[in-house]
Amino acid sequence: MGVEGRMKCVKYLLFFFNFIFWLCGLALVVLGVLVQVALHSTVVINNVSASSAPLVLIVVGVIVFFIAFFGCCGAWKESYCMVTMLKCCGVTNATDWKGKFGSVPDSVPDSCCINVTAGCGQGAMGDALKIHQTGCETVVEKLLKKNIMWVIVAALVIAFLQIMGIIFACMLMGGIRSGYEVM
């Protein structure tokens with residue numbers, strides 16, 4: 001059963017903003033690759049310390065890309081599991097929200113709660129029985145390490161599709177130049 005009324009608007013807004021973040025993650029990856037090529041005239045990273053700036057851009061871009069992708073899919077399919085992100089709070093831990101959320105001191109977003117209910121995060125920052133204390137950075141790292149094979153497969157499939165697109169574009173370009181009918 002789908003959401004109705006105001007929640008439908010929230011669903012589409014969440015999808016839209018996650019889509020924007022997805023594009024930003026993709027842009028960071030592309031920017032990282034372009035910086036790597038501009039600095040070293042190759043995409044291959046031979047020296048990690050010499051390629052630290054492009055590597056940081058690429059890693060951050062990939063993380064943003066995947067999180068936003070799951071956010072888009074979760075919003076579109078109305079999947080609770082995909083929208084809630086992996087039971088974490090803050091980047092490093094729940095104290096990342098100190099003084100940054102809500103009018104009540106030591107409040108965290110309700111999504112940090114173990115049992116999510118309206119207002120459950122108000123004043124509950126230090127309560128390990130109510131709030132997830134693990135940071136999202138750690139959770140995402142564990143998730144990526146656990147599913148590294150799927151990440152590699154996805155990257156290879158995307159690379160293959162891109163290469164096929166380049167090949168087809170070159171074939172079309174050659175057909176147009178020689179004057180043959182391409183239909």
Side-chain angles (χ1 to χ4, degrees), residues 9-102 108-112 121 132-170 173:
C9 179
V10 170
K11 169 187 169 177
Y12 289 122
L13 283 173
L14 181 64
F15 176 81
F16 174 74
F17 285 116
N18 274 294
F19 184 73
I20 298 297
F21 284 124
W22 180 78
L23 289 176
C24 290
L26 186 63
L28 282 173
V29 171
V30 170
L31 183 65
V33 170
L34 291 176
V35 169
Q36 172 67 18
V37 170
L39 291 176
H40 304 288
S41 300
T42 181
V43 178
V44 179
I45 298 174
N46 295 324
N47 186 355
V48 176
S49 62
S51 299
S52 60
L55 192 58
V56 167
L57 286 173
I58 293 169
V59 169
V60 169
V62 166
I63 291 170
V64 169
F65 181 88
F66 280 108
I67 291 172
F69 173 75
F70 287 124
C72 280
C73 291
W76 190 258
K77 292 288 189 179
E78 298 176 16
S79 169
Y80 178 80
C81 179
M82 291 177 115
V83 174
T84 56
M85 187 48 209
L86 314 164
K87 298 180 179 171
C88 60
C89 187
V91 176
T92 54
N93 57 34
T95 59
D96 290 343
W97 291 105
K98 190 159 191 78
K100 296 178 184 171
F101 188 80
V108 295
D110 292 343
S111 61
C112 289
H132 294 289
Q133 298 295 316
T134 308
C136 293
E137 180 180 38
T138 306
V139 173
V140 170
E141 283 178 7
K142 286 180 185 176
L143 178 71
L144 289 176
K145 285 178 183 176
K146 181 180 173 186
N147 296 307
I148 192 70
M149 189 57 78
W150 290 110
V151 172
I152 292 170
V153 167
L156 290 175
V157 167
I158 291 169
F160 174 76
L161 292 174
Q162 292 291 321
I163 290 171
M164 293 303 295
I166 292 170
I167 291 170
F168 289 145
C170 290
M173 189 175 60

side-chain contact (heavy atoms from CB on, under 4.5 Å) between Val29 and Val62, intermediate numbers included: CA-CA 7 Å; Val29 171; Val62 166; 3.8 Å; yes
More than 12 heavy atoms of other groups within 6.0 Å of Met149 CE: no
Heavy-atom closest contact (Leu28 atom, Gly61 atom, distance): CB-CA, 3.6 Å
For His132 against Ala94, the heavy-atom pair lying closest together: O-CB, 4.0 Å
4.5 Å side-chain heavy-atom contact, Val33 and Ile58: yes
Heavy-atom closest pair, residues Glu137 and Thr92: OE1-CG2, 4.1 Å
Any side-chain heavy-atom pair of Phe16 and Phe19 under 4.5 Å: no
Closest non-hydrogen atom pair, Cys89 against Cys136: N-SG, 3.9 Å
